[in-house]
Protein chains: 2
Amino acid sequence: MKIHVLAQKTGLTPPTIRYYEKEGLLTIRHVVRGENNYRDYTEEAVEHLQFIKRVQKVGFTLMEIKAVMEEKKGSKLEISRSIELLREKMIEMDSRKLELEQAQALLSRMLANKRALLKEKG
Amino acid sequence: MKIHVLAQKTGLTPPTIRYYEKEGLLTIRHVVRGENNYRDYTEEAVEHLQFIKRVQKVGFTLMEIKAVMEEKKGSKLEISRSIELLREKMIEMDSRKLELEQAQALLSRMLANKRALLKEKG
DNA sequence: ATAAACTATAAAGTATACTTTAAGGTCAAG
DNA sequence: CTTGACCTTAAAGTATACTTTATAGTTTAT
């Protein structure tokens with residue numbers, strides 16, 4: 001499929017998709033070039049970009065995503081490294097959940113204060 | 001207290017603290033100037049910077065923090081705006097927790113795959 | 001066949017949140 | 001009374017993740 005189709009399917013823009021490719025987040029499994037030099041994307045690209053969006057939202061940088069990505073082809077050492085990275089990230093995500101809950105408690109108190117303030121004034 | 005003391009207490013650096021001030025995140029309640037033009041921080045500044053760190057970690061931008069900050073002095077309209085912002089943020093944080101959990105499930109599967117791969121090879 | 005809509009590249013620009021640099025003033029210790 | 005550790009400012013630099021711009025080739029529709 002062409003870039004704008006992939007863009008529609010993933011909710012990204014063509015420049016963003018090209019940027020990701022430039023940064024090494026898309027491989028031969030995701031894009032090839034046609035005769036006209038246009039990019040031709042596989043179905044795997046759709047899933048892959050959705051994966052990127054999802055983990056990026058929870059705090060992975062593009063470089064971390066790239067590091068974790070190197071899957072099938074990796075040597076034992078590379079796999080071990082990405083397991084290590086994944087484990088660290090899981091722990092990081094646990095603390096992030098905790099931080100979120102603590103911050104929510106904090107904001108909830110602020111919200112109550114502000115509502116009280118508004119009642120006072122209004 | 002002087003800037004490096006505040007820095008130690010909060011785990012920030014003096015340039016970062018000055019930067020926050022420049023961006024309007026510190027007020028008269030947090031800093032005043034001494035005769036020598038040195039900044040003199042109140043205890044409230046410690047708490048405030050800790051607050052900033054905490055909510056920033058969960059996705060607030062500095063400008064959002066600034067918007068929520070305007071507390072005591074706010075007009076009814078300003079209070080209403082910051083209540084609205086806080087409510088949006090609470091909802092956003094709920095989805096973020098969900099995203100975290102979904103991403104963890106995803107990573108957990110990836111981790112299992114990689115471990116299996118390692119076992120195969122090793 | 002020509003205009004609109006798409007594709008390509010490289011390079012510059014943007015936003016956020018800092019950090020670093022440069023150049024200088026102030027203060028405490030020996 | 002000077003040395004070293006602090007303080008000040010303004011401005012430039014950095015990292016991340018894009019977006020925008022400029023320039024040009026290709027495809028699709030009428």
Side-chain angles (χ1 to χ4, degrees), chain A residues 1-26 28 30-42 45-46 48-69 85 89 92 96 99 103, chain B residues 1-26 28 30-42 45 48-69 85 88-89 92 96 99 103:
Chain A
M1 78 193 79
K2 280 196 266 182
I3 199 162
H4 81 275
V5 177
L6 180 62
Q8 277 185 317
K9 285 194 184 185
T10 59
L12 299 169
T13 66
T16 300
I17 295 170
R18 291 191 194 102
Y19 170 72
Y20 285 171
E21 184 181 342
K22 206 181 104 204
E23 294 300 305
L25 277 93
L26 300 177
I28 192 77
H30 312 111
V31 218
V32 292
R33 295 298 179 117
E35 292 186 354
N36 47 14
N37 195 35
Y38 284 16
R39 288 170 180 87
D40 186 13
Y41 294 94
T42 63
V46 180
H48 185 55
L49 289 180
Q50 279 163 354
F51 169 77
I52 290 173
K53 279 185 81 172
R54 170 155 284 176
V55 300
Q56 197 190 16
K57 257 189 200 169
V58 299
F60 276 62
T61 66
L62 296 183
M63 284 309 107
E64 281 169 344
I65 294 169
K66 195 180 159 188
V68 167
M69 252 177 67
L85 180 58
K89 278 291 162 181
E92 203 183 304
R96 189 118 65 210
E99 284 163 6
Chain B
M1 78 194 77
K2 280 196 266 182
I3 198 162
H4 79 276
V5 177
L6 180 62
Q8 276 183 320
K9 286 194 184 187
T10 59
L12 299 168
T13 66
T16 300
I17 295 170
R18 291 192 195 103
Y19 170 72
Y20 286 172
E21 184 181 340
K22 204 180 105 204
E23 295 300 306
L25 278 94
L26 299 178
I28 192 74
H30 313 111
V31 218
V32 292
R33 295 301 179 113
E35 291 186 355
N36 47 13
N37 196 35
Y38 285 16
R39 287 170 180 88
D40 185 13
Y41 294 94
T42 63
H48 185 55
L49 289 179
Q50 279 162 353
F51 169 76
I52 290 174
K53 279 184 82 172
R54 169 154 284 175
V55 300
Q56 197 190 15
K57 257 191 199 165
V58 299
F60 277 63
T61 66
L62 296 183
M63 283 308 108
E64 282 169 343
I65 294 169
K66 194 179 159 187
V68 166
M69 253 176 66
L85 180 58
E88 278 168 28
K89 277 292 160 181
E92 204 183 302
R96 190 118 64 212
E99 284 164 6

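What you are looking at is a predicted structure, and each value in this text was computed from that prediction instead of being measured. All chains are named by letter (A, B, ...) in the order of the sequence lines, taking the proteins before the strands, and each is independently numbered beginning at 1.
Of all non-hydrogen atoms in B/Phe60 and B/Lys89, the two that sit nearest each other are CZ-CG, 3.3 Å. When all heavy atoms of A/Val46 and A/Met1 are compared, the pair lying nearest together is CG2-CE, 3.7 Å. Of all the heavy atoms in A/Pro14 and A/Ile3, the pair that sits closest is O-CD1, 3.6 Å.
Within the 4.5 Å cutoff, the side chain of B/Arg39 has heavy atoms near those of the B/Arg33 side chain.
Rounded to a whole Å, the CG atom of A/Asp40 is 13 Å from the C1' atom of C/dT7. Remark: P of C/dA10 and CD of A/Glu21 are 11 Å apart, rounded to the nearest angstrom. B/Lys22 has its NZ atom 11 Å from the C1' atom of C/dA17, to the nearest Å. In this structure, A/Lys53 atom NZ and D/dC18 atom P are separated by 10 Å, rounded to whole Å. Regarding B/Ile3, its CD1 atom lies at a distance of 15 Å from the C1' atom of D/dA5, rounded to whole Å. The distance between atom CD1 of B/Ile52 and atom P of C/dA17, rounded to the nearest whole Å, is 11 Å. Protein atom CZ of A/Phe60 is 22 Å distant from nucleotide atom P of D/dA15, rounded to whole Å. Rounded to an integer number of Å, the gap from B/Lys66 NZ to C/dA15 P is 16 Å.
Checking the phosphate oxygens (OP1, OP2) of D/dC7, no side-chain nitrogen or oxygen of B/Arg39 falls inside 4.0 Å. Between B/Arg33 and C/dT26, a side-chain N or O to OP1/OP2 separation shorter than 4.0 Å is absent. For C/dA17, the OP1/OP2 oxygens have no side-chain nitrogen or oxygen of B/Tyr20 closer than 4.0 Å. Here B/Gln8 does not reach the OP1 or OP2 of D/dC6: none of its side-chain N or O atoms lies under 4.0 Å away.
Scanning residues 9-19 of chain B for heavy-atom distances under 4.0 Å to DNA chain C yields B/Thr13, B/Pro15, B/Thr16, B/Tyr19.
Each salt bridge (charged side-chain N to carboxylate O under 4.0 Å, His left out) pair with one or both residues in residues 48-57 of chain A, not counting sequence neighbours, appears once here: A/Lys57-B/Glu99.
The existence of a salt bridge linking A/Arg18 and A/Glu21 is excluded, since no basic side-chain nitrogen approaches an acidic carboxylate oxygen closer than 4.0 Å.
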Nucleotide by nucleotide, 5' to 3', does protein get under 4.0 Å of the base (B), only the sugar-phosphate (S), or neither (-) in nucleotides 24-30 of chain D, counting heavy atoms?
-BBS---
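A donor-acceptor contact shorter than 3.5 Å links the side chain of B/His48 to the backbone of B/Leu25.
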Between B/Leu62 and B/Tyr19, does the side chain to side chain contact (heavy atoms under 4.5 Å, CB included) criterion hold? Intermediate values first, please.
CA-CA 11 Å; B/Leu62 296 183; B/Tyr19 170 72; 3.6 Å; yes
Can B/Val5 and B/Lys9 be said to form a side chain to side chain contact (heavy atoms under 4.5 Å, CB included), step by step?
CA-CA 6 Å; B/Val5 177; B/Lys9 286 194 184 187; 4.1 Å; yes
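When distances run from any side-chain atom of B/Thr61 to the nucleotides C/dT16, D/dT16, C/dT9, the shortest one goes to C/dT16.
Residue A/Gln56 is in sugar-phosphate contact alone, with no base atom involved, counting any heavy-atom pair closer than 4.0 Å across all strands shown.
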